[in-house]
Number of protein chains: 2
Amino acid sequence: MTTDELAESLSKELRHLVLLLRRAVAGQPVTSQQYAVLGSLEDGPRRMTELAEEHGVQLPTMTVQINRLEEPGLVARGADPADARVRTVELTDEGRARLVAVRRARIAYLGDRLDALTPAEREAVAAALPALAKLGRP
Amino acid sequence: MTTDELAESLSKELRHLVLLLRRAVAGQPVTSQQYAVLGSLEDGPRRMTELAEEHGVQLPTMTVQINRLEEPGLVARGADPADARVRTVELTDEGRARLVAVRRARIAYLGDRLDALTPAEREAVAAALPALAKLGRP
DNA sequence: CAGGCTAAGTTAGACTGACTAACTATGACA
DNA sequence: TGTCATAGTTAGTCAGTCTAACTTAGCCTG
């Protein structure tokens, strides 16, 4: 298989997998983007700029996201004592609980699909993960 | 690796790959969704309902998408002679040309990334494709 | 063949997610 | 101290998605 054929096939499968995961979170209490943001806060407070960069979006987009998570009390804004321009964001207890719940649902959904594969197929997916990671994070 | 761990890792990598492909078409004359719709029309006319199902969206969403593709002349609506309720959609010459151009850009972008992997890594990705296909199309 | 149910699409209205441009407030440095 | 850079927010726009309600067409049953 040439690299271009591989690229084309991979591109096609990715489209289907994205649709799959979209279905997995349909109806969840947080959207997949909000879930992703909560996930970034799991290890402690982060600054707005960091979050925007990590998620590949502009700062204003992250401002809006955080506003929508702050309103129902899932995250809280704080200040950096060393630099008054910086706003930090951290999970509330409520936000952490929500994160865990949604993660369980997602993992369970994808896990069920993976269970339907043969052990050899799962092995192949696992073996490709490092390459996919390298591919996706330039 | 347990199935759940695999599910979590795969979910994470997919998110990054999606962002990658989104960057690939940023600035292109059609969005990635529009590209996907054009791709569905490559083998001939399709009906609205088919397109909506294939893309995992509701009919009204597809109506809007097709409207936006029809306005600049990339697709054309037709009628089914056997059933007057049915609208068909097909590529125009302009739409086909656009599809080919965008596809080239996507494939080239992803191909460059794949070239940066080791042969063994590309092999691992290729080996995982059938499993990913099975995963993504239940 | 008339009445009523079903199917295919469209329209309207709302929300999320994303962008750029323009603004405020703070820090840094010459 | 004055100017420029940095962090973030606000405002306005657009794509993409949904649900609800509507129109038109086909089908079936009495």
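To find a chain, count down the sequence lines: A is the first, B the second, and so on, and within it residues start at 1.
Hydrophobic clustering of Ile, Leu, Val, Met, Phe, Trp and Tyr side chains at less than 4.5 Å, counting indirect connections, unites L51(A) with L59(A).
In this structure, R68(A) reaches the bases: a heavy-atom distance under 4.0 Å links it to at least one base atom across the strands shown.
Note on Q65(A): a side-chain N or O is less than 4.0 Å away from OP1 or OP2 of dA18(C). Taking 4.0 angstrom as the limit, T31(B) places none of its side-chain polar atoms (N or O) nearer than this to OP1 or OP2 of dA15(D). Regarding contacts with the backbone of dA18(C), every side-chain N or O of Q58(A) stays at 4.0 angstrom or more from both OP1 and OP2. Under 4.0 angstrom from either OP1 or OP2 of dT16(C) there lies no side-chain N or O belonging to Q34(A). Neither OP1 nor OP2 of dG8(D) sits under 4.0 Å from any side-chain N or O of R47(A).
Contact of the R46(B) side chain with the T88(B) side chain is not registered, since no non-hydrogen atoms from C-beta on lie closer than 4.5 Å.
Residue-environment remark: CZ (R104(A)) stays at or below the threshold of 12 foreign heavy atoms within 6.0 Å.
In this structure, R87(B) atom CZ and dT11(C) atom C1' are separated by 14 Å, rounded to whole Å. Regarding M62(B), its CE atom lies at a distance of 13 Å from the C1' atom of dG9(C), rounded to whole Å. Atom-to-atom, CG of L59(B) to P of dA21(D) comes out at 17 Å; the value is rounded to the nearest Å. Here dT6(D) presents its C1' atom at 12 Å from CD of E53(A), a figure rounded to the nearest Å. Atom CG in D80(A) sits about 15 Å away from atom C1' in dA25(C), given to the nearest Å. Regarding L51(B), its CG atom lies at a distance of 13 Å from the P atom of dA8(C), rounded to whole Å. Here the P atom of nucleotide dT11(C) and the CE atom of M48(B) are 10 Å apart, to the nearest Å. Rounded to an integer number of Å, the gap from N67(B) CG to dC14(D) C1' is 16 Å.
Of the candidates dG8(D), dA5(D), dA25(D), dG8(D) carries the atom nearest the T63(A) side chain, counting heavy atoms from C-beta on. The side chain of Q33(A) has dA18(C) as its nearest neighbour among dA18(C), dT10(C), dA25(D). Of the candidates dT17(D), dT9(D), dT11(C), dT9(D) carries the atom nearest the R77(A) side chain, counting heavy atoms from C-beta on. Considering only side-chain atoms of P60(B), the nucleotide from dT11(C), dT26(C), dC19(C) that sits closest is dT11(C). Checked against dA25(D), dA18(C), dG9(C), the side chain of T49(B) finds its nearest nucleotide in dG9(C). Between dA25(D), dA18(C), dT17(D), one nucleotide has an atom nearer to the side chain of D83(B) than all others, and that is dA25(D).
No N or O donor and acceptor, one from the side chain of R85(B) and one from the base of dT24(D), sit under 3.5 Å apart.
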request  = Start with the C-alpha distance between R96(B) and E42(B), add both sets of side-chain angles, then the distance that settles side-chain contact (heavy atoms from CB on, under 4.5 Å), and finish with yes or no.
outcome  = CA-CA 7 Å; R96(B) 191 172 299 275; E42(B) 192 168 26; 4.1 Å; yes
task = Would you please test L6(A) and V125(B) for side-chain contact (heavy atoms from CB on, under 4.5 Å) and show each step?
result = CA-CA 8 Å; L6(A) 180 58; V125(B) 172; 4.1 Å; yes
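Checking each of L110(B), I107(B), L114(B) against D4(A) for a side chain to side chain contact (heavy atoms under 4.5 Å, CB included) leaves exactly one that passes, namely I107(B).
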